[in-house]
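Working notes, structure below.
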Amino acid sequence: MKAAHRRIKMLTAYDYPTAAILDECDIDAILVGDSLGMVMLGYTSTLPVTIEDMIHHTRAVVRGAPHTLVVADMPFASVTVSHERAIENAARLIKEAGADAVKVEGGGPVCERVKGMVEAGIPVMGHLGLTPQSVGVLGGYKVQGKDERSAMEVIEAAKALEQAGVFAIVLECIPARLAEVVTSTVQVPTIGIGAGPHCDGQVLVLHDLIGLTAGHVPKFVKRYADLRKDLAMAVSQYAKEVDEGVFPDEVHSFGVSGEMTGRLY
Ligand code: KIV
């Protein structure tokens, strides 16, 4: 798609029904992101997410989206723990959960792990820039690569990941110009989130774009719906109608023959 200048559209999904909707739409890849920790499980970061959580949610997504490439995130510490365990964990996401590929955050020492996974036959997507699993080390959820030194680090890490064998790289929260340079430097596609319009593809957290997440909305998110409001309205209307005896009405109830009614008492 990069060679043909066709932009790659990726979205997150964490469950069967949303995966089934994405599978029917013009979406090229689904990411079962470890953002599920915040979006689905109510944690305040992605750090508590386990490999078991990832397997559980990836299985549901794979069942819902048989026609779409499914990429599963390697959660915090599942890669750094050891070379062997990293490959083992990645293999579980492919073998037990049915993912087509895994995504790994970071560059530097992570590249060795990526190489091992690729050699073991596991397709790997990289992830650079703001890598939420390193939020403590990065000092918060901040735009990365803003000065020359850190921008060069992102470019070098992208080259190293490509060398290690990744098939694509997510670029998160970096200046648009830096993303453009990385995109023209590497042969593999870049997929941006908060990285401007010059990447080969884009990804967003689905719940952000449909307006299901509460609280702060990052600058790079565009809301295409306000489902939180719609859901709250639907639920409130249901509660009101049950309170008032409006629902269930005759239309939503089952009847029996008059003869049978007579015999019930
Ligand atoms: O976990 C996730 O959803 C991600 C995307 C934000 C790229 O990694």
Side-chain angles (χ1 to χ4, degrees), residues 7-15 18-19 22 27-51 53-58 60-61 65 68-79 89-90 93 97 99-107 110 114 124-135 138 140-145 154 157-158 161 166-174 179 182-183 188-196 199-210 212-213 215-223:
R7 288 160 72 81
I8 299 162
K9 287 109 34 192
M10 182 160 87
L11 281 174
T12 62
Y14 318 101
D15 57 41
T18 38
L22 299 193
I27 292 298
D28 302 303
I30 294 178
L31 173 66
V32 189
D34 61 354
S35 51
L36 76 85
M38 289 142 107
V39 177
M40 302 298 285
L41 305 178
Y43 297 134
T44 53
S45 77
T46 60
L47 304 189
V49 175
T50 64
I51 194 83
D53 292 332
M54 292 308 306
I55 290 173
H56 177 76
H57 285 268
T58 302
V61 168
T68 310
L69 183 93
V70 175
V71 182
D73 244 337
M74 298 282 295
F76 177 63
S78 66
V79 174
N89 286 330
L93 288 168
D100 297 300
V102 300
K103 177 166 79 58
V104 174
E105 287 189 12
V110 166
V114 168
V124 181
M125 179 177 275
H127 184 161
L128 295 173
L130 173 54
T131 45
Q133 289 170 18
S134 308
V135 62
L138 298 175
Y141 296 97
K142 297 175 185 161
V143 178
Q144 302 295 306
V154 174
L161 279 176
V166 297
F167 69 92
I169 302 172
V170 168
L171 298 175
E172 180 164 354
C173 283
I174 61 170
V182 174
T183 301
V188 294
T190 59
I191 301 184
I193 173 164
C199 294
D200 299 303
Q202 292 296 313
V203 59
L204 273 184
V205 168
L206 177 72
H207 291 60
D208 285 341
L209 96 83
I210 61 177
L212 258 186
T213 37
H216 170 71
V217 182
K219 176 179 159 71
F220 58 80
V221 169
K222 182 169 175 184
R223 288 253 201 251

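For this chain, numbers begin at 1 and follow the sequence in order. Fair warning: this is a prediction, and the values are worked out from it, not measured in the lab. We count ligands from 1, going down the list as the structure has it; atoms in each ligand are counted the same way.
Side chains of Thr183 and Asp200 form a contact here, defined as non-hydrogen atoms less than 4.5 Å apart. Within the 4.5 Å cutoff, no side-chain heavy atoms of Asp28 are placed close to those of Arg7. Contact annotation: the side chain of Gln133 never approaches that of Ser78 to less than 4.5 Å [non-hydrogen atoms, C-beta and beyond]. Side-chain atoms of Val205 and Met38, non-hydrogen and from C-beta on, never get closer than 4.5 Å to each other.
Both the backbone and the side chain of Asp34 come within 4.0 Å of ligand 1, counting heavy atoms alone. When heavy-atom distances to ligand 1 are checked against a 4.0 Å cut-off, Asp73 comes that close only through its side chain, counted from C-beta outward. By the criterion of a heavy-atom distance under 4.0 Å, the side chain of His127, and not its backbone, is placed next to ligand 1.
Heavy-atom minimum distance, Thr12 versus Leu22: O-CD1, 3.7 Å.
Of all protein heavy atoms, the one closest to atom 2 (C) of ligand 1 is Ser35 OG, 3.2 Å. Nearest non-hydrogen protein atom to atom 8 (O) of ligand 1 is Lys103 NZ, 2.9 Å. Residue, atom and distance of the protein heavy atom nearest to atom 7 (C) of ligand 1 are Leu31 CD2, 3.7 Å.
Against a heavy-atom cut-off of under 4.0 Å, Gly33 is close to the following atoms of ligand 1: 1 (O), 2 (C), 3 (O). For ligand 1 and Ile193, the ligand atoms under 4.0 Å from any heavy atom of the residue are 6 (C). Every atom of ligand 1 with a heavy atom of Thr12 under 4.0 Å away is listed here by number and element: 3 (O).
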(request) Quick one: do Leu93 and Ile51 satisfy side chain to side chain contact (heavy atoms under 4.5 Å, CB included)? Show the steps, please. (result) CA-CA 8 Å; Leu93 288 168; Ile51 194 83; 4.0 Å; yes
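Residue Glu172 places no N or O, backbone or side chain, under 3.5 Å from any N or O of ligand 1.
In this structure a side-chain-to-backbone donor-acceptor pair under 3.5 Å is present from Arg223 to Asp208.
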